[in-house]
Amino acid sequence: MSLKIIKFEPRLGRIVLIAAALLCVITAWFFIKWNFANAVSSRLDTKRAEFKPVADWLTQMAPSDPQTHLTAARIYQKTFDPGDLTRSLSEYESAAALSPYNYLAWIDLGKARSLNGDTEGAQAAYARALQLAPNYAPVQWACGNSLIRQGKNEEGFALIAKAAAANSDYAQPAVTTALQIFDNDLGQVQRSLGDNDVTNAALAGALANQLQFEAAFTAWSKLSEGDRGTKFKKLGDDLIEKFAAARKFSLAAGVASGMRTNEGEKPTVGQVSNGGFEAGVKIRNAALFEWQIAEGAQPQIALSETETHGGKYSLWLIFNSFETAAFRSVSQTVAVVPGAEYEFEAFYRSDLKTTASIKWEIVNALTNAPIAATLAAVPAPDWMPLRVRFMMPADSDGVIVRLVREGCNGPSCPTNGSMAFDDISLRRL
């Protein structure tokens, strides 16, 4: 095979080289300009309206870059000037036109059209975004809300339900929207969003915030039992706190019971929890319906395996104090039935030496007023019961059983010795 050499005239060769060089320079210039404008627009603070001249310059530098138009649109939108809103919409339109397969651009355009009162145009933009990303939660959420604003509730809530199922962050606003649209018709809310854990968890939180405590508890009760103490633990803790603050102790106990797997630790209406101390006690950070031990050094409090009335453990208190203030109370909140009669019982043994009286007191958890108290414990080498009967007020469903010390007059109250308690219980009569 022979090679042919093509020779150029010297002048023509120089022209070709110069043209090629110019083309490279021009291409590089446009490339650098486009990339520079794109980089600046990506990092520009779109919340500052004073950047409008910069936005204009960027769109002039890179008119075919959707990012520069998107940045300009967001900057002009922040001024809320009618003329700037029109300009903002135009920039959103340009960004979507230059990136027709970018669903985010269509979502932004839908929001801009909605702000400008173009409901149909907004829905068209959202529909296009849904075509491009049918399984993306933000797209489903935006399109669903747009349909609801047009009165197309069935279609809108179907999309919102999908968004909430895919991303739990949408569950709470979805339920709030549904409660408003359906005038707190819980059945309709669940039919629209689905009677599932996502919907019911969001409903429980929303209804508790609206002080609809019984309805909130009903929604909570529908959650999967295995997930209440794990996946929905934070919600459960929030509900317990809200119910307790509202003095709805039976509801709070119901939530707490559903979150615990150990039967011995589940609070039950009308019963002292862990009355035999078999589940242990916490010195601090005990939950509602668990034994609460006050801060302090006296008396020393621990579990005993040698002094028990029944089971493996008892609660052992060792006193060696002189000051009246040196007394740590032991207490527990218990949910009960309003208006019912109960008997409290606690077994104890003691070699305590003191002029004070130590007894168990029953307090109304609604008003913090004492309802009844046992007799004072006297020295007892063998296990002895302390009992008291009481009638619950009709307007309260909670009591606090607590160990108290009375009869200490002045700053000094010498107390020495030990005392054990076991098998503490409530019984409805």
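We number each residue from 1, following the sequence as shown.
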Under the side-chain contact (heavy atoms from CB on, under 4.5 Å) criterion, do Asn184 and Gln212 qualify, and how do the steps go? CA-CA 10 Å; Asn184 282 345; Gln212 299 185 51; 3.6 Å; yes
Apply side-chain contact (heavy atoms from CB on, under 4.5 Å) to Val388 and Glu361, showing your working. CA-CA 9 Å; Val388 64; Glu361 187 176 57; over 6 Å; no
Output, in order, the C-alpha distance, side-chain angles, deciding distance and verdict of side-chain contact (heavy atoms from CB on, under 4.5 Å) for Ser273 and Thr268. CA-CA 7 Å; Ser273 297; Thr268 303; over 6 Å; no
Checking Val401 against Ile424 for the side-chain contact (heavy atoms from CB on, under 4.5 Å) test, could you report, in this order, the C-alpha distance in whole Å, the side-chain angles of both residues, the deciding distance, and whether it holds? CA-CA 10 Å; Val401 297; Ile424 301 173; 5.5 Å; no
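For residues 399-429, the set of pairs meeting the disulfide (SG to SG under 2.5 Å) definition, not counting sequence neighbours, comprises Cys408-Cys413. Pairs of residues two or more places apart, or lying in two chains, never qualify as disulfide (SG to SG under 2.5 Å) while including a residue from residues 239-357. Judged as a ring pair (Phe, Tyr, Trp, His ring centres under 6.0 Å), the pairs with a partner in residues 176-206 (not counting sequence neighbours) are, in order, Phe157-Phe182.
Considering CG of Asn135 and NZ of Lys162, their distance stands at 7.5 Å, rounded to 0.5 Å. Interatomic distance, CZ of Phe289 versus CD of Gln332, reported as 9.0 Å (0.5 Å rounding). Atom CG of Asn200 is separated from atom CG of Asp195 by 5.0 Å, given to the nearest 0.5 angstrom. How far CG of Asn102 is from CG of Leu109: 11.5 Å, rounded to the nearest 0.5 Å. Separation of atoms CG (Asp382) and NE2 (His309) is listed at 10.5 Å; rounding is to 0.5 Å. Taking CG from Leu239 and CE from Met259, the interatomic distance works out to 9.0 Å, rounded to the nearest 0.5 Å.
Within the 4.5 Å cutoff, side-chain heavy atoms of Leu132 are placed close to those of Tyr101. Residues Glu155 and Leu159 form no side-chain contact, since every pair of their non-hydrogen atoms from C-beta on lies 4.5 Å or further apart. Looking at heavy atoms from C-beta onward, Val330 lies out of side-chain contact with Val281 at the 4.5 angstrom threshold. Annotation: side chain of Leu426 is in contact with side chain of Phe344 (closest heavy-atom distance under 4.5 Å). Residues Leu179 and Leu186 are in side-chain contact: their nearest non-hydrogen atoms beyond the backbone lie under 4.5 Å apart. A 4.5 Å side-chain heavy-atom check between Glu241 and Leu288 finds every atom pair outside the cut-off. By the 4.5 Å heavy-atom criterion applied to side chains, Leu315 and Leu303 are counted as neighbours. Looking at Ile362 and Tyr342, their side chains never come closer than 4.5 Å, going by heavy atoms from C-beta outward.
Side-chain atoms of Trp360 never come within 3.5 Å of backbone atoms of Arg387 as a donor-acceptor pair (strictly under, hydrogens ignored). With Ser304 contributing its side chain and Trp316 its backbone, the two residues share no donor-acceptor pair below 3.5 Å. With hydrogens and angles disregarded, a donor-acceptor distance shorter than 3.5 Å links the side chain of Trp291 to the backbone of Asn274. Judged purely by atom type and a 3.5 angstrom limit, Asn145 uses its side chain to pair as donor or acceptor with the backbone of Trp141. In this structure, Gln271 contributes its side chain and Ser425 its backbone to no donor-acceptor pair below 3.5 Å. For the pair Thr177 (side chain) and Pro173 (backbone), a donor-acceptor distance under 3.5 Å is present. Side chain of Arg402 to backbone of Ser329: no donor-acceptor contact under 3.5 angstrom is found. A donor-acceptor distance shorter than 3.5 angstrom exists from the side chain of Thr354 to the backbone of Ala356, with no hydrogens or angles considered. With hydrogens and angles ignored, the 3.5 Å screen pairs no side-chain donor or acceptor of Ser257 with any backbone N or O of Lys266. Between the side chain of Asp118 and the backbone N or O of Ser114, no donor-acceptor pair lies under 3.5 Å.
The closest side-chain donor-acceptor pair between Asp197 and Ser224 falls under 3.5 angstrom. No donor-acceptor contact under 3.5 angstrom links the side chains of Ser331 and Gln292, judged on distance only. Residues Arg405 and Thr415 have side chains that bring a donor and an acceptor to within less than 3.5 angstrom of each other.
For CD1 of Ile283, the number of neighbouring non-hydrogen atoms (other residues, nucleotides, ligands) closer than 6.0 Å is greater than 12. Within 6.0 Å of CD in Glu341 there are more than 12 heavy atoms belonging to other residues, nucleotides or ligands. Residue Lys231 places its NZ atom among 12 or fewer non-hydrogen atoms of other residues, nucleotides or ligands, all under 6.0 Å distant.
For the residue pair Ala208 and Lys242, the shortest heavy atom distance occurs at CB-CD, 3.8 Å. Nearest approach of Leu366 to Ser396, heavy atoms of both residues: CB-OG, 3.6 Å. Closest approach of Ala142 to Tyr126, counting heavy atoms only: CB-CE2, 3.7 Å. Pairing each heavy atom of Pro134 with each of Gln131, the nearest pair is CD-O, 3.7 Å. Contact between Pro379 and Leu352 at its shortest, heavy atoms only, is CG-O, 3.8 Å. Shown here for Phe347 and Asp423, the closest heavy-atom pair between the two residues is CD1-O, 3.8 Å.
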Using residues 243-250 as the side-chain source, report each donor-acceptor pair under 3.5 Å to any protein atom, sequence neighbours left out, with the distance given to one decimal.
| unit_1 | atom_1 | unit_2 | atom_2 | d |
| --- | --- | --- | --- | --- |
| Arg247 | NE | Ala365 | O | 3.1 |
| Arg247 | NH1 | Ala244 | O | 3.1 |
| Ser250 | OG | Asp397 | OD2 | 3.1 |

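With respect to Ser146, the side-chain hydrogen bond (donor to acceptor under 3.5 Å, both in side chains) criterion is satisfied by exactly one of Arg113, Lys111, Gln123: Gln123.
Tyr103 meets the ring-ring contact (aromatic ring centres under 6.0 Å, His included) test with Tyr136; sequence neighbours excluded. Residues that satisfy the salt bridge (Lys or Arg N to Asp or Glu O under 4.0 Å) test with Arg328, not counting sequence neighbours, are absent from this structure.
Using cut-offs of 30° and 60° for the angle between ring planes, the Tyr348 and Phe421 rings count as tilted.
Under 4.0 Å is where a charged nitrogen must lie from a carboxylate oxygen, and between Glu406 and Lys359 at least one such pair does.
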